[in-house]
Each structure stands twice: as C-alpha cells, then as structure tokens.
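One-based numbering, in listed order, for ligands and for the atoms of each.
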Amino acid sequence: MAPIRATGLAAVALVGLALCAILAPLASSAELCGLEPTPSCGGDATRDYSAAMRPADDALAFDNLPGFTRSASHFDHAVISVESRVWAGQRGWKKATTAHIVSPARGANFAMYLADMGEESSAEPAAAAVERFALVLTGEVSVRHGKKNIKLGPNTYVYFPPNSTDVLSSEDGAGLLIYERLYSAGGKPVFSHGEVEESALLPTGPEVFKLRKLLPQTADYDFNVHIMDFQPGEYLWVKEVHYNQHGLLLLEGKGIYRLGDKWYPVQAGDAIWMAPYVPQWYAALGSRPTRYVIYKDTTLDPLLG
Ligand code: UGY
Ligand code: MN
C-alpha cells in the first residue's frame with residue numbers, strides 16, 4: 001500500500017507543478033504556487049526591497065529626512081540637533097568657521113558655539129571683558145601663554161580669564177566647543193588648562209552619575225563646566241528646577257531629555273539650552289554610556305547676578 005500512496009503523492013505534485021507553470025505568467029504571486037519564488041515563477045530581480053524589510057542603520061537616521069528636525073525652540077529651552085547647525089565666519093577667527101548654539105540673543109547670560117578650525121587657523125583673544133573656555137573635541141590646538149606654547153588634543157580644555165592676550169591656533173585643524181561670557185564675579189580667575197580625566201570625581205549625593213568640574217569652585221568664577229557620565233539606564237535622581245542656566249553638548253551616547261513638559265530623544269552631537277527654572281531630567285539609554293558637557297553659572301548671587 002505504501003508504494004502506491006507515494007506514487008499517488010508524486011503524481012499530485014507533478015500536476016501542481018504543471019499548473020504552476022501554466023498559471024505563473026498570468027499571476028506573479030509566488031504564493032499561488034506555494035513554492036520559493038523562481039525566475040520562472042514570480043519574483044523580479046530588478047527590484048531591491050531589502051531596505052524596506054531591514055533598514056540599514058543610516059536609514060534610521062531621521063535627521064536626514066527632508067524637512068525633518070528634532071530641533072526645537074521654546075521660551076525656556078531649545079534643542080539644537082546636528083542638522084540645524086549653521087556655520088559662518090566670526091570676527092577674530094581666521095581660517096575657521098563657527099556655529100553659534102546659544103547666545104544672549106536667546107536670553108542667555110553666555111555664548112556657546114562650535115568652532116571648526118582649518119589648517120593654519122587661529123583665534124584672536126576674546127574681547128577684554130570676556131572670559132573664554134574651550135574644550136577640544138577633535139584635532140589639536142596650541143595656546144601661546146606667555147613664553148609657553150601649550151599643545152592641547154582631544155578631551156583637553158583651556159580657560160582664558162578676562163583680559164587674556166593668549167592666541168589659540170591650530171596647524172592641522174581642530175574642532176572646539178567654546179563657552180564665553182561677560183565676566184561678572186569681580187574676582188581673580190586665572191588661566192588654566194588640563195585633561196578632562198585628570199579632574200577629580202566629585203561626590204554627587206543621591207545621584208549615580210559621575211561628575212567632574214573643570215574650573216575651580218571658588219567665588220573668583222562665575223560659571224563652571226561640568227562633565228557628567230551616565231551608564232545606560234542611569235538617570236537624574238533630582239528632577240531639577242533651578243535658577244542657573246545651562247548650555248549642554250552631548251559628547252557620547254544617547255537617551256531622553258525632559259525639558260519642561262516635553263521629552264526629547266537625544267544623541268551625541270545634540271546641544272541644549274536651558275533657561276532658568278526649566279524642569280530638566282535625563283535618562284541614559286542605548287548600549288553605550290552617555291557623557292555630556294554642561295555650562296552652569298555658579299557662585300552668582302541670584303539677586304545681584
Ligand atoms: O548641576 C546641574 O544643574 C546638572 N545636574 N543639570 C543637568 O544635568 N541638567
Ligand atoms: Mn541642572
């Protein structure tokens with residue numbers, strides 16, 4: 001009986017295949033045939049739909065969609081994502097362009113911008129009343145400070161007090177994050193430079209993030225620059241609301257920033273302006289730790305400024 005049943009099944013399969021061959025030119029659907037698509041049985045080799053099924057990572061970069069941006073500007077905060085940077089020349093910067101991200105035009109008490117220094121570029125000292133802080137993101141810069149010529153590579157910083165005459169230059173090009181403000185503390189801040197990791201980790205109370213402050217915490221300074229590190233899954237414990245202002249650049253990682261009653265997915269390269277009293281909260285997500293750098297006006301009397 002078994003050989004007879006097997007022969008019967010083979011016959012049915014043969015009839016099916018024959019039917020498929022007849023129907024295939026009429027219907028392109030491979031499903032009709034119940035078989036893998038073959039050139040003679042549906043399928044179109046000139047089409048490549050693989051991106052629709054499994055988009056490549058760069059197709060997930062929504063920032064490149066025409067007209068789409070995560071950037072936002074509200075009275076108490078702004079998010080400036082990478083595709084919104086506008087580069088232009090700035091007085092004092094030779095062979096360099098700058099992209100301003102925060103400025104007094106936004107109501108801020110400081111300026112925050114990126115500087116893209118080309119080969120053989122330089123930056124004149126800031127105006128006499130202005131103090132300047134630079135974090136080297138890429139490349140290398142030199143600082144002529146008195147008789148010293150200090151070379152600074154990625155992850156290093158330099159602070160120029162008001163009335164500094166030091167010139168910043170780059171032979172082969174560099175990318176910098178700059179904070180500037182009109183000095184208002186009435187003390188004696190001094191030139192300093194260093195590498196981020198050389199700054200001691202500071203206690204953070206109930207917080208789990210790692211904290212470094214790159215400028216001395218004395219009344220001689222009217223702002224500080226913090227480096228904050230979060231492991232994926234870590235978040236701000238305090239749902240902060242404070243009178244201080246912030247200018248933040250996400251250096252590594254990704255997560256969700258809450259600003260006021262809005263929630264922003266953010267990633268490395270995104271910048272944030274936070275006005276006084278904007279509710280702020282961050283959670284680090286993804287597979288890599290988050291590091292951000294953040295300006296904070298400190299040691300200022302909230303009444304006297
Ligand atoms: O010090 C701060 O105010 C800091 N923790 N704020 C922030 O990360 N948004
Ligand atoms: Mn804060």
Side-chain angles (χ1 to χ4, degrees), residues 70-81 101-102 106-112 131 133 135 137 155 157 159 177 179 181 184-185 196-197 199-286 288-303 305:
R70 289 174 295 110
S71 296
S73 183
H74 299 278
F75 82 97
D76 58 359
H77 70 270
V79 175
I80 301 101
S81 47
I101 284 166
V102 181
R106 195 66 185 75
N109 64 10
F110 67 103
M112 168 178 170
E131 52 188 332
F133 177 98
L135 176 70
L137 304 176
N155 209 34
Y157 62 90
Y159 170 78
L177 169 68
Y179 294 114
R181 66 167 285 162
S184 63
V196 167
E197 256 64 25
S199 298
L201 288 171
L202 300 170
T204 53
E207 301 286 0
V208 290
F209 63 80
K210 302 271 183 299
L211 174 66
R212 291 179 166 88
K213 298 187 181 183
L214 303 183
L215 293 176
Q217 298 169 68
T218 70
D220 288 314
Y221 294 81
D222 51 8
F223 76 92
N224 213 318
V225 176
H226 301 184
I227 299 286
M228 294 173 54
D229 292 304
F230 299 78
Q231 291 303 314
E234 291 182 351
Y235 54 87
L236 282 177
W237 181 253
V238 179
K239 298 87 180 173
E240 297 178 16
V241 178
H242 50 61
Y243 77 89
N244 319 79
Q245 308 189 10
H246 285 316
L248 177 156
L249 179 68
L250 216 83
L251 298 170
E252 291 171 334
K254 56 176 82 166
I256 303 275
Y257 229 103
R258 178 187 174 158
L259 298 163
D261 58 3
K262 300 199 159 31
W263 303 72
Y264 297 96
V266 289
Q267 61 189 349
D270 289 339
I272 299 175
W273 142 244
M274 290 177 238
Y277 298 106
V278 64
Q280 55 200 258
W281 180 86
Y282 180 68
L285 298 169
R288 296 186 54 200
T290 287
R291 165 168 284 191
Y292 63 66
V293 53
I294 185 168
Y295 160 100
K296 184 172 186 176
D297 46 346
T298 45
T299 67
L300 285 179
D301 186 316
L303 268 184

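- Residue-ligand proximity: Trp281 is placed with every non-hydrogen atom at 4.0 Å or more from ligand 1.
- For the pair OE1 of Glu240 and OE1 of Gln280, the angle whose vertex sits at the Mn ion (ligand 2) is 100° to 10 degrees.
- Of all protein heavy atoms, the one lying nearest to atom 1 (O) of ligand 1 is Lys296 NZ, 2.9 Å.
- Side-chain atoms of Glu197 and Asn155 include a donor-acceptor pair closer than 3.5 Å.
- Heavy atoms of Met228 found under 4.0 angstrom from ligand 1 belong exclusively to the side chain.
- Residue-level check: among N/O/S atoms of His246, NE2 sits closest to the Mn ion (ligand 2).
- Among all non-hydrogen protein atoms, the one lying nearest atom 6 (N) of ligand 1 is Glu240 OE1, 2.8 Å.
- Between Phe230 and Tyr282, the ring-plane angle classifies as perpendicular under the 30° and 60° cut-offs.
- A salt bridge links Arg212 to Asp229: one of the charged nitrogens lies within less than 4.0 Å of a carboxylate oxygen.
- For His242, the closest heavy-atom approach to ligand 1 falls below 4.0 Å.
- For a distance bound of 2.8 Å, the N, O or S atoms of Met274 include none lying that close to the Mn ion (ligand 2).
- Classification of the Phe133-Phe223 ring pair by plane angle, with boundaries at 30° and 60°, yields perpendicular.
- Under 4.0 angstrom from ligand 1, the non-hydrogen atoms of Ile294 all belong to its side chain.
- Between His77 and Tyr264, the two ring planes are perpendicular [angle over 60°; tilted spans 30° to 60°].
- Counting protein heavy atoms only, atom 8 (O) of ligand 1 is closest to Tyr292 OH, 2.6 Å.
- Looking only at distances, no side-chain donor or acceptor of His226 sits under 3.5 Å from a matching main-chain atom of Met228.
- Close contacts between ligand 1 and Tyr257 involve ligand atoms 7 (C), 8 (O), 9 (N) [criterion: under 4.0 Å to a heavy atom].
- Applying the 6.0 Å contact sphere to NZ of Lys296 captures more than 12 heavy atoms from other residues, nucleotides or ligands.
- Each of the atoms 6 (N), 7 (C), 9 (N) of ligand 1 lies under 4.0 Å from some heavy atom of Gln280.
- Between the side chains of Tyr159 and Glu131, a donor-acceptor pair is found at a separation under 3.5 Å.
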